[in-house]
Amino acid sequence: MTTRPDRGGDPPSRPPAVPAIPAQPGPEAAAAGPPPAAPTAPEADTTGADPAADAEPAPRPDRAQYGVVAFLALVGGFVIFDATTRIGSAINTADPIGPKPVPILLGVLLLVIAVIYAVDVARGGAGEPEAGEDVDLSLPIDWRTVLLLVGAFLVNAVLIDRLGWVISGTILFWGSAYALGNRHYVRNLLIAVALSLITFYTFAIGLGVDLPAGVLQGIL
């Protein structure tokens, strides 16, 4: 009856087909996670930039630093030469080493530092620029201030034996304050005299070193 139509009538209706149910993944497949995505080809670099061009150039040695290297080597050599030719040997049994080893050691250390510094400069090493908040690196050197400070030290060196430390030191302190822009003349003079007297008696009493008294000999 279900395979052929009834006589004089329409063929009987068939039951609807049941759709197929896809297989569900088991617990092991769920724990493994989703399947890996297919690898995609890397995007082509359309900018045309050369990676080697973006690399920073190798630092060039600062040849001006070789002057510092030469100065350190010169000072070290002079100290060694002076210690070996002018300084005498031990003069008593209380000092069996003598005065030579210390300056010789300092001279050798200066030479070692000069060599290490030269190697560092040759490899491109350079010190960090001054980054103080009150320093403008774009301004030129203030030669007036530099020359005034040098003059104050030279005047002190010339007058210290003739006038004494108190007077020459006062000139040094007062002149340095003036060179650095301080214009409180009377106050700076009083401070300079006080500093000179303090240093004079500190060396004389505390260290046992007598600074030149000069024209104030017998007064101080």
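Start at 1 with the first residue, then count along the sequence.
- For the residue pair Val166 and Thr170, the shortest heavy atom distance occurs at O-OG1, 2.5 Å.
- Applying the ring-ring contact (aromatic ring centres under 6.0 Å, His included) definition to pairs two or more places apart or across chains, none involves residues 184-220.
- Connectivity analysis of hydrophobic side chains (ILVMFWY, heavy atoms under 4.5 Å, direct or indirect) links Leu105 to Leu109.
- Residues Val102 and Phe78 do not share a hydrophobic cluster, clusters being chains of Ile/Leu/Val/Met/Phe/Trp/Tyr side chains in contact below 4.5 Å.
- Of the inter-residue distances, the one linking Thr199 atom OG1 with Leu172 atom CG reads 9.5 Å to the nearest 0.5 angstrom.
- Taking CG of Leu195 as the reference point, atom OG1 of Thr202 lies at 10.0 Å (rounded to 0.5 Å).
- By the criterion of side-chain heavy atoms lying less than 4.5 angstrom apart, applied directly or through intervening Ile, Leu, Val, Met, Phe, Trp or Tyr residues, Ile205 is grouped together with Ile219 in one hydrophobic cluster.
- Both Leu216 and Leu211 belong to a common hydrophobic cluster when Ile, Leu, Val, Met, Phe, Trp and Tyr are linked at side-chain heavy-atom distances under 4.5 angstrom.
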Show the atom names and distances, to 0.1 Å, of all donor-acceptor pairs under 3.5 Å that link a side chain in residues 139-161 to residues at least two apart or in another chain.
unit_1: Asp142; atom_1: OD1; unit_2: Arg144; atom_2: N; d: 3.4
unit_1: Asp142; atom_1: OD2; unit_2: Thr145; atom_2: OG1; d: 2.6
unit_1: Asn156; atom_1: OD1; unit_2: Ser168; atom_2: OG; d: 3.1

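- Contact between Leu189 and Trp174 at its shortest, heavy atoms only, is N-CD1, 3.5 Å.
- For the residue pair Ser196 and Trp165, the shortest heavy atom distance occurs at O-NE1, 3.3 Å.
- By the side-chain hydrogen bond (donor to acceptor under 3.5 Å, both in side chains) test, Tyr117 pairs with Gln65, sequence neighbours left out.
- Listed by first and then second residue, the salt bridge (charged side-chain N to carboxylate O under 4.0 Å, His left out) pairs that reach into residues 65-84 are Asp82-Arg86, sequence neighbours excluded.
- Across every non-hydrogen atom of Leu110 and Leu72, the tightest pair is CB-O, 4.0 Å.
- By the side-chain hydrogen bond (donor to acceptor under 3.5 Å, both in side chains) test, Ser176 is found to be paired with no residue, residues two or more places apart in sequence or in another chain being considered.
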Practice task
Give the C-alpha distance, both sets of side-chain angles, the deciding distance and a yes or no for side-chain contact (heavy atoms from CB on, under 4.5 Å) between Val121 and Tyr66.
Solution key: CA-CA 8 Å; Val121 173; Tyr66 287 117; 3.8 Å; yes

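- Using a 4.5 Å cut-off between side-chain heavy atoms of Ile, Leu, Val, Met, Phe, Trp and Tyr, with links allowed through other members, Val193 and Val186 fall into different hydrophobic clusters.
- Hydrophobic clustering (side-chain heavy atoms under 4.5 Å, transitive across Ile, Leu, Val, Met, Phe, Trp, Tyr) groups Val112 together with Ile80.
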